[in-house]
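Contents: one structure, followed by commentary.
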Amino acid sequence: MIRKNLPFYFDLQSNKNRPINYLYPHERESLLHGYPVKGGKVTSSHKFSRDVAELRLFKADKEKPSLIILLAHLKSRLDPERIDPNGFERRQAELRTLLEIYKELEIVHPDLPIVVAGDFNGNASLINTDEEFKDLYATTPLKDVLEVSALPQEARATFYQVRNGARADGRQIDFAFLSPNTQALLKPGSAYVHRYKDEFGMEHDIPRSMDAKLNLPSDHYPVVFEIENLKLK
């Protein structure tokens, strides 16, 4: 969503047709033995489960964007067909391809602020990082905006899993990773996880039942931050 009266125009691109260089284990086995994978067709690679939207913001020069935001929704942990436990392999492949897109943009636009954000469906934070996200820290300078802002761990939960006994486990699975150029533009103290409010302006309690969770605008809480002194070319 883009506010109409902001002083720039935009271009939105899709990466939905980009291969993620991944086949499920049974598909790899089929190819290894010379059998077609499915429908009589050999599958060279799957694609993103839910695309990576690429938003470019401009002021005047269409060849020189002022900011690029990559918005992803990586593979969930669901595995109804029991072919990829917890969706680990495909989520890892999608993360690696997302990082490839970021690195390609970084080469073409080395001084450009870039944000890589979205629902990562796992712990991509710096502490106790899930295995499938470790390439993010090993191969890029990207940093989670909440980490850059030193937000307390207890304030970072973006999703609550409702458990039996009116218990809710909160964890951060939604992230906004900033390139070094973007980190320098982050407004101090602006980053936080928004908590939904009722009609009286009071924050809703943490949902401890499915009914309470369904009454919220979303089952995820938004990560909010401000970028200042952005030079719109």
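Hydrophobic cluster membership is shared by I101 and F177, with clusters built from Ile, Leu, Val, Met, Phe, Trp and Tyr side chains linked at under 4.5 angstrom. Linking Ile, Leu, Val, Met, Phe, Trp and Tyr residues whenever their side-chain heavy atoms come within less than 4.5 Å leaves I173 and L178 in two separate clusters. One hydrophobic cluster, built from ILVMFWY side chains closer than 4.5 Å, cannot hold both F88 and F48; they sit in different ones.
You'll find the ring centres of F8 and F58 outside the 6.0 Å limit.
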(Q) Before you tell me yes or no, could you show the steps for L142 and L136 under side chain to side chain contact (heavy atoms under 4.5 Å, CB included), namely the whole-Å CA-CA distance, both residues' side-chain angles and the distance that decides it to 0.1 Å? (A) CA-CA 7 Å; L142 293 168; L136 192 152; 4.2 Å; yes
Q: Step by step, work out the salt bridge (Lys or Arg N to Asp or Glu O under 4.0 Å) result for K16 and E54.
A: CA-CA 10 Å; K16 66 180 181 179; E54 185 175 324; over 6 Å; no
**Q.** side chain to side chain contact (heavy atoms under 4.5 Å, CB included) between Q172 and N123, intermediate numbers included
**A.** CA-CA 6 Å; Q172 183 186 3; N123 179 20; 5.8 Å; no
Q) How far apart are the C-alpha atoms of D11 and Q13, what are their side-chain angles, what is the distance that settles it, and do they pass the side-chain hydrogen bond (donor to acceptor under 3.5 Å, both in side chains) test? A) CA-CA 7 Å; D11 178 34; Q13 301 182 24; 3.0 Å; yes
Q. Can you list the steps and then say if L55 with I68 is a side chain to side chain contact (heavy atoms under 4.5 Å, CB included)?
A. CA-CA 6 Å; L55 177 66; I68 294 181; over 6 Å; no
Q: Just do the side chain to side chain contact (heavy atoms under 4.5 Å, CB included) check on E228 and L185 with the steps written out, would you?
A: CA-CA 5 Å; E228 58 183 359; L185 300 175; 5.7 Å; no
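A side-chain donor from one of R90 and Y24 sits under 3.5 Å from a side-chain acceptor of the other. Using a 3.5 Å distance cut-off with no hydrogens or angles, the side chains of N21 and S45 do not pair a donor with an acceptor. One side chain, E94 or S49, offers a donor N or O that lies under 3.5 Å from an acceptor on the other. Counting only N and O atoms by type, the side chains of Q92 and D135 include no donor and acceptor under 3.5 Å apart. For Q183 and N181, the side-chain atoms include no donor-acceptor pair closer than 3.5 Å. Counting only N and O atoms by type, the side chains of H46 and E27 include a donor and acceptor under 3.5 Å apart. A donor-acceptor contact under 3.5 angstrom links the side chains of K103 and T139, judged on distance only.
In the displayed structure, Q153 atom CD is contacted under 6.0 Å by more than 12 heavy atoms of other residues, nucleotides or ligands. Enclosure of atom CG in N128 is not indicated, since only 12 or fewer non-hydrogen atoms of other residues, nucleotides or ligands lie within 6.0 angstrom. Within 6.0 Å of CD in E199 there are more than 12 heavy atoms belonging to other residues, nucleotides or ligands.
Closest non-hydrogen pair, Y137 versus S125, comes out as OH-C, 3.1 Å. Shortest non-hydrogen contact noted between V193 and A157 is CG1-O, 3.4 Å. Shown here for R56 and P65, the closest heavy-atom pair between the two residues is CB-CB, 4.2 Å.
Pairs passing the salt bridge (charged side-chain N to carboxylate O under 4.0 Å, His left out) check and including a residue from residues 170-197, sequence neighbours excluded, read K187-E226.
Residues K134 and E132 are not in side-chain contact: their nearest non-hydrogen atoms beyond the backbone lie 4.5 Å or more apart. Between V223 and L146 the shortest side-chain heavy-atom distance falls below 4.5 Å. L95 is listed as a side-chain neighbour of F120, based on a closest heavy-atom distance under 4.5 Å. Looking at heavy atoms from C-beta onward, F225 lies in side-chain contact with V115 at the 4.5 angstrom threshold.
Taking the ring axis of Y9 as reference, the NZ or CZ atom of K4 does not stay both within 45° of it and closer than 6.0 Å to the ring centre.
L71 belongs to no multi-residue hydrophobic cluster, having no ILVMFWY side-chain contact under 4.5 Å with any other such residue.
Partner of E89 under the salt bridge (charged side-chain N to carboxylate O under 4.0 Å, His left out) criterion, out of R28, R96, R77, K75: R28 alone.
Residues that satisfy the ring pair (Phe, Tyr, Trp, His ring centres under 6.0 Å) test with Y196, not counting sequence neighbours, are H194, Y221.
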